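All values below come from the heavy atoms of this structure, side chains included, with hydrogens, waters and symmetry mates left out. Just so you know, these numbers come straight off a predicted model, no measurement behind them. Here is how names work: the chains are called A, B, and so on, in the same order as the sequence lines, proteins then strands, and each is numbered from 1.
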Amino acid sequence: MEKGITSRAEDFSQWYNDIVMRAELADYSPVKGCMVIRPYGYAIWENIQRLLDKRIKDAGHQNAYFPLFIPESFLRKEADHVEGFAPECAVVTHGGGKKLEENLYVRPTSETIMYAMYAKWIRSWRDLPMLINQWANVVRWEMRTRLFLRTTEFLWQEGHTAHATAEEAEEETLKMLGIYKEFAENVLAIPVYDGVKSDAEKFAGALRTYTIEAMMQDRKALQLGTSHSLGQNFAKAFDVKFQSKEGTLEYVWQTSWGVSTRLIGAVVMAHGDDKGLILPPRVAPIGVVIVPIFKDEASRAKVLAVAKQCKEAIGDAATVHIDDREQYTPGWKFNDWELKGVPLRMEIGPRDVEKQQVVLVRRDEGKKEIVAQSAMKGRVLELLDETQRGLFERCKKFRDDNTLDVDDLREFAAKMESPGIFARSHWCGSADCEAAVKDQTKATIRCIPFGSNEEKGKCILCGKESNRRVIFARSY
RNA sequence: CGGGGCGUAGCGCAGCCCGGUUAGCGCACCUGGCUUGGGACCAGGGGGUCGGCGGUUCAAAUCCGCCCGCCCCGACCA
């Protein structure tokens with residue numbers, strides 16, 4: 001393995017690519033714009049899936065699977081939707097050597113194919129709410145791709161629900177956004193701003209789009225997840241109706257929400273350092289790596305025996321890996337596991353065997369700590385916990401320190417350029433002002449945040465009355 | 001699609017300007033030895049359509065033309 005990763009300060013984009021490739025999360029594929037998720041990266045995704053899937057199911061949803069192909073006519077049924085997605089779709093025109101009667105679109109998202117089925121399945125208010133989630137791949141023919149952040153094909157989950165009332169659908173939309181926020185903060189250790197998107201940024205076909213937005217270490221924003229209040233737009237397009245208790249025929253109110261493999265990119269850019277990845281313990285494929293150190297066959301046997309005892313003692317409380325590769329020196333392994341972002345390293349050498357102790361080193365802080373073997377398990381779990389919390393706190397402080405109230409456009413533009421910020425600024429609500437700000441500063445409205453107090457002010461661009469601040473940033 | 005850069009061993013590169021031994025170096029890989037508390041060392045070894053096609057020439061990685069691919073920067077986006 002080659003030494004040296006581009007530093008974040010030197011070139012953040014290059015650093016990101018170096019980490020993803022060198023930590024063996026993903027690799028470029030023979031297909032342009034597509035990536036191969038390698039075993040170590042996929043293990044992170046599996047952890048994300050497992051932990052998020054539990055939350056989705058606990059909230060009452062069931063998993064199902066719908067087809068990859070969508071008839072062209074389905075996509076065309078909702079005007080905004082087709083306008084938003086059709087240009088970036090892959091289209092199948094031939095099958096079995098023959099031209100198809102109707103083109104099939106490879107799903108860019110599954111609203112249309114799913115709601116065509118909902119129309120069959122929903123008859124009565126008793127069938128509601130319908131709460132279905134799907135784990136799937138989708139394809140969007142993006143111009144420029146970046147590993148995990150934007151690839152032609154990506155993996156995600158998409159939840160799609162149907163409700164009897166607007167209120168219930170709205171409640172569901174916000175509930176799922178809340179689950180995403182809790183997941184991002186407690187599992188990925190990434191603090192997020194939650195709020196609503198401006199009309200310009202909302203999902204094609206939605207009434208409203210809610211979002212969680214995080215700050216990466218280059219101070220750019222990354223949208224981690226969205227939850228859409230679809231209203232009755234799709235219900236009307238797909239004729240999804242139910243008979244109410246009162247006997248009337250009503251269109252359902254719908255929601256959809258999703259997060260993708262982009263979350264892995266977020267973890268890299270939120271926590272990593274110049275040595276490599278730093279994984280939050282809750283999603284790390286390996287929580288603790290034991291590096292044995294020995295001089296000869298005799299010490300080797302003793303050290304490995306103690307390593308195995310430690311692994312067994314920890315049991316299911318954390319995932320432990322013993323790195324007993326013989327062709328590498330301990331120093332090489334230290335660097336390798338730091339690159340891979342394993343949150344906690346345990347060193348065991350002849351001295352430690354002698355004194356019945358182990359050496360523990362947190363990945364994020366790098367300080368060595370000697371612990372008696374008798375106290376090892378408790379301390380390991382404590383340190384994993386502290387790492388999980390520490391990563392969140394560090395990330396939150398960075399974000400908060402770089403989130404500023406800005407009321408002057410010149411200052412706004414200057415700070416967007418360098419060092420880059422989340423600007424809390426007033427906005428009059430007009431799409432023209434929003435577009436002009438983007439044009440002049442490359443910053444977009446990430447969200448109109450929840451929980452911000454009403455406050456009189458003047459639009460950052462036009463100076464007209466505004467009654468709240470919104471968050472502007474440059475984004476991925 | 002516009003701008004920039006790059007294609008030589010698995011990876012990173014030198015050689016090209018100024019054509020001429022057997023195409024070279026570092027890392028990785030294989031064998032053996034010796035080592036292991038922050039990226040060890042020694043010896044031996046395997047691996048190449050020099051991105052592709054065509055042209056110039058006695059002779060092309062090197063000069064010329066066309067094509068292809070990839071990466072980075074913009075417009076579009078989870």
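- Between A:Phe422 and A:Tyr193, the angle of the ring planes lies from 30° to 60°, which puts this pair in the tilted group.
- At the heavy-atom level, A:Glu338 lies under 4.0 Å from base atoms of the strands shown.
- Remark: the separation of the C1' atoms in B:rG12 and B:rG74 is 29 Å, to the nearest Å.
- A:Thr109 comes within contact range of no nucleotide atom at all, as no heavy-atom separation falls under 4.0 Å.
- Across all strands shown, B:rC1 forms a Watson-Crick or G-U wobble pair, both distances under 3.5 Å, with B:rG74.
- In this pair, A:Trp156 does not lay its aromatic ring on the base of B:rA78; centres under 5.5 Å and planes under 30 degrees do not both hold.
- Comparing atom distances between the A:Pro330 side chain and each of B:rC72, B:rU36, B:rA78 picks out B:rU36 as nearest.
- We find that CD of A:Gln327 is positioned 15 Å from P of B:rG33, with the value rounded to whole Å.
- Of the listed nucleotides (B:rG39, B:rC73, B:rA78), B:rG39 has the atom at the smallest distance from the side chain of A:Arg22.
- Here CD of A:Glu347 is found 9.5 Å from CD1 of A:Ile370. Values are rounded to the nearest 0.5 Å.
- A:Trp337 and A:His321 have their aromatic ring centers within a separation under 6.0 angstrom.
- Summarising the base pairing, B:rU56 is matched to no nucleotide, lacking a Watson-Crick or G-U wobble pair whose two defining distances lie under 3.5 Å.
- Aromatic ring pairs are classed by plane angle as parallel below 30°, tilted from 30° to 60° and perpendicular above 60°; the pair A:Phe203 and A:Phe234 is tilted.
- The side chain of A:Lys368 sits closest to B:rG38 out of B:rG38, B:rG37, B:rC76.
- Contact annotation for A:Gly258: no contact, since no heavy-atom pair falls under 4.0 Å across all strands.
- Atom CG in A:Asp336 sits about 16 Å away from atom P in B:rG38, given to the nearest Å.
- Heavy atoms of A:Ser29 sit nowhere under 4.0 angstrom from any nucleic acid atom.
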